[in-house]
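One structure is given below, encoded as structure tokens.
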There are 2 protein chains.
Amino acid sequence: MVKEEFKLENQLCFRLYSASRLITQAYHPLLTKQGLTYPQYLVLLVLWEKDAQPVNDIAKRLLLETNTVTPLLQRMEKEGILTRTKGEKDARQIIVSLTSKGKKLQEKLADVPFSMGEAVMCDSVTPDTAPDLFRMLDDIINRLLHKTDI
Amino acid sequence: MVKEEFKLENQLCFRLYSASRLITQAYHPLLTKQGLTYPQYLVLLVLWEKDAQPVNDIAKRLLLETNTVTPLLQRMEKEGILTRTKGEKDARQIIVSLTSKGKKLQEKLADVPFSMGEAVMCDSVTPDTAPDLFRMLDDIINRLLHKTDI
DNA sequence: GTTAATTATATCGTTCACGATGCAAATATA
DNA sequence: TATATTTGCATCGTGAACGATATAATTAAC
């Protein structure tokens with residue numbers, strides 16, 4: 001008999017991992033129409049909120065390392081979605097700015113958040129309970145971000 | 001002003017994506033000691049529950065495609081954790097079985113589930129509330145698995 | 001004002017994910 | 001029993017993630 005703690009059904013990690021993958025898959029048809037991937041869409045969310053940010057700020061916002069974000073931004077630059085220019089104040093920084101194409105994508109993707117909201121709503125996840133889910137996930141994220149070791 | 005639905009803070013997807021990545025990172029030091037990655041650990045969870053399964057069953061259990069699982073299993077075979085042998089009944093199948101090394105890993109990883117449990121517990125996620133979180137994630141997963149389109 | 005330490009970004013190598021495609025074995029159909 | 005379809009697994013190409021390492025610019029220390 002398998003110990004309870006080793007059963008796949010009892011793993012929080014597997015649920016998060018699967019939910020994350022499946023929701024990314026759900027985004028795929030919506031984003032691929034505009035030639036975007038899901039992490040690229042996240043970059044756009046960050047830049048739509050505040051344009052012209054250094055690589056580091058974008059990475060921090062997405063909780064990613066720069067060695068993940070840099071190639072991502074390079075691909076998006078090649079697609080003409082954004083530009084990467086040397087910082088004037090600090091020559092080490094690369095300032096990432098949206099092109100007009102990048103800005104216009106927001107209108108073209110206007111219905112994506114609503115589509116995804118509907119795709120995810122179900123018996124236990126409703127506008128009423130979503131805040132609880134958000135709080136739990138935020139707590140887990142913060143706990144894992146700030147833990148020194150396990 | 002940025003529309004509410006486009007703010008990173010209002011995205012369920014980003015929370016799931018971040019939580020999943022961070023929890024995988026938390027597993028890393030525990031698993032890397034035994035030369036394992038996180039998806040490889042998931043494969044072991046499946047095989048510890050039931051040894052000698054075809055590739056397809058493992059993939060279905062993990063909600064992954066065989067083109068993801070196959071190379072993963074090939075690497076684990078190279079590490080001597082499992083064997084891949086042709087099915088006797090159905091020659092198309094590859095039966096994946098644990099080696100003694102693969103079986104012994106369960107003892108060496110005995111404290112991992114507990115370590116991860118502690119790493120994740122926080123104010124809003126406790127043994128009391130975890131079932132609610134599990135149910136919500138399961139509902140989201142099932143909804144996304146069974147939706148025809150969005 | 002040199003030298004040392006830090007910071008911002010990039011490069012490299014490995015492992016996933018996953019769409020697209022290929023191939024051989026098994027099954028269904030004519 | 002030929003032929004067509006389906007099924008199980010593998011290969012290939014692309015885009016993440018991420019640890020390790022490198023490089024250049026800035027700042028701190030002496």
Side-chain angles (χ1 to χ4, degrees), chain A residues 13-14 16-29 31-33 35-43 53-79 81 84-96 144, chain B residues 13-14 16-29 31-33 35-43 53-79 81 84-96 144:
Chain A
C13 62
F14 177 60
L16 291 172
Y17 164 77
S18 298
S20 175
R21 279 196 314 101
L22 290 171
I23 209 164
T24 301
Q25 285 178 32
Y27 272 101
H28 189 263
L31 298 178
T32 203
K33 274 185 220 167
L36 292 172
T37 65
Y38 174 66
Q40 290 174 6
Y41 174 67
L42 291 181
V43 170
Q53 296 191 55
V55 174
N56 220 353
D57 289 14
I58 297 174
K60 281 208 168 66
R61 198 76 207 292
L62 297 178
L63 310 180
L64 291 168
E65 301 299 318
T66 62
N67 57 358
T68 298
V69 172
T70 290
L72 218 153
L73 294 173
Q74 288 171 339
R75 282 186 287 269
M76 293 176 80
E77 183 183 35
K78 209 183 287 178
E79 298 291 329
I81 295 167
R84 302 183 319 125
T85 56
K86 272 215 168 177
E88 295 180 4
K89 284 174 126 179
D90 188 332
R92 291 171 304 178
Q93 289 187 330
I94 296 285
I95 305 297
V96 181
L144 290 170
Chain B
C13 62
F14 177 60
L16 291 171
Y17 165 77
S18 299
S20 175
R21 280 195 314 101
L22 290 171
I23 209 164
T24 300
Q25 285 178 31
Y27 271 102
H28 189 262
L31 298 178
T32 203
K33 274 185 218 163
L36 291 172
T37 64
Y38 174 67
Q40 290 174 6
Y41 174 67
L42 291 182
V43 169
Q53 295 191 55
V55 174
N56 221 350
D57 289 15
I58 298 174
K60 280 207 168 67
R61 198 75 207 293
L62 298 178
L63 310 181
L64 291 167
E65 300 299 318
T66 61
N67 57 358
T68 298
V69 172
T70 290
L72 218 153
L73 294 173
Q74 288 171 340
R75 281 186 288 269
M76 294 176 80
E77 183 182 36
K78 210 183 286 179
E79 298 291 328
I81 296 168
R84 303 184 317 128
T85 56
K86 272 214 167 178
E88 296 180 1
K89 284 175 124 180
D90 188 332
R92 291 171 304 179
Q93 288 187 331
I94 296 285
I95 306 298
V96 181
L144 291 170

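Please read these numbers as outputs of a predicted model, since none were measured by experiment. Here is how names work: the chains are called A, B, and so on, in the same order as the sequence lines, proteins then strands, and each is numbered from 1.
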Rounded to whole Å, how long is the line connecting atom CD of A/E79 with atom P of D/dT14?
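Spelled out: CD on A/E79 to P on D/dT14 is 13 Å.
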Taking atom C1' of D/dA16 as reference, at what distance in whole Å does atom CD of A/E65 sit?
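Whole-Å distance recorded here is 14 Å.
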5'-most contact on DNA chain D: A/L63 or A/D90, nearest heavy atom basis?
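Closer to the 5' end of DNA chain D: A/L63.
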Quick one: on DNA chain D, does A/Y38 or A/K89 contact a more 5' nucleotide (nearest heavy atom)?
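The residue whose closest nucleotide sits nearer the 5' end is A/Y38.
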Using a heavy-atom cut-off of under 4.0 Å over every strand shown, decide if [X] touches base, sugar-phosphate, or nothing.
X     : answer
B/N56 : sugar-phosphate
B/Q93 : sugar-phosphate
A/T68 : base
B/P71 : nothing
A/T37 : sugar-phosphate

Side-chain contact, heavy-atom cut-off 4.5 Å: [X] with [Y]?
X     : Y     : answer
B/K33 : B/P29 : no
B/Q93 : B/N56 : no
B/Y27 : B/T37 : no

Derivation and outcome, side-chain contact (heavy atoms from CB on, under 4.5 Å), residues B/R84 and B/L73:
CA-CA 8 Å; B/R84 303 184 317 128; B/L73 294 173; 4.0 Å; yes
Let's see if you can work this out: which of [options] has an atom nearest to the side-chain heavy atoms of [X]?
X     : options                : result
A/R92 : D/dT6, C/dA10, C/dT7   : C/dT7
A/Q40 : C/dA10, D/dA16, D/dA25 : D/dA16
A/L64 : D/dC18, C/dA17, D/dC9  : D/dC18
A/R75 : D/dA10, C/dT9, D/dG15  : D/dG15

Base D/dG19 to side chain A/N67, donor-acceptor N/O within 3.5 Å cut-off
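Such a pair exists between side chain and base.
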Show the numbers, then the answer: is there a side-chain contact (heavy atoms from CB on, under 4.5 Å) between A/L64 and B/R21?
CA-CA 9 Å; A/L64 291 168; B/R21 280 195 314 101; 3.3 Å; yes
